[in-house]
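Worksheet: the structure to be examined is printed underneath.
All values reported here derive from a predicted model rather than from experimental measurement. Basis for what follows: all heavy atoms, side chains included, without hydrogens, waters or symmetry-related copies.
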Amino acid sequence: MMKKLQFLFVAMMLLISIDVKADDIVNSSLNLNNPDVRKCLLDATKSEGWKLASVYLSSDDKLVYIFDKGNDTKIYTSKDVFSK
């Protein structure tokens, strides 16, 4: 009986001590090719305390915005490929 209680205690301590980090939040439902959408995204994230970390064009020609807030990251990619 004592071994079972010790095992239970150790299992609970391991569960409590595990550091969990959420994956980056990726949102691709926005049309970032629209300048009004980009402006609204920048205004909304700024008002919530997010800082723009990076903006770039991915290898598949999608516009990517990366925002950071503490240890969290949000990634927004355009849903449509730019026309060439």
Look at the side chain of Lys69 and the backbone N and O of Thr45, then say whether any donor-acceptor pair between them is shorter than 3.5 Å.
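No: the side chain of Lys69 does not pair with the backbone of Thr45.
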Is [Y] close to [X] at the side-chain level, that is, under 4.5 Å between some pair of heavy atoms?
X: Leu42; Y: Phe67; value: yes
X: Tyr65; Y: Leu32; value: yes
X: Val64; Y: Val55; value: no

Roughly how far, to the nearest 0.5 Å, is the NZ atom of Lys74 from the CG atom of Leu41?
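That separation rounds to 9.0 Å.
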Approximate separation, where rounding is to 0.5 Å, of Ile75 CD1 and Ser54 OG:
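One finds 9.5 Å between CD1 of Ile75 and OG of Ser54.
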Sequence-distant partners of Asp43, salt bridge (Lys or Arg N to Asp or Glu O under 4.0 Å), two or more places apart:
Lys39
So which atom in Ile66 and which in Tyr56 form the shortest heavy-atom distance, rounded to 0.1 Å?
CD1-CE2, 3.7 Å
Nearest heavy-atom neighbours spanning Arg38 and Leu63
CD-CD2, 3.7 Å
Can you list everything that forms a side-chain hydrogen bond (donor to acceptor under 3.5 Å, both in side chains) with Asp68? Sequence neighbours excluded, please.
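With neighbours one apart ignored, the set is Thr73.
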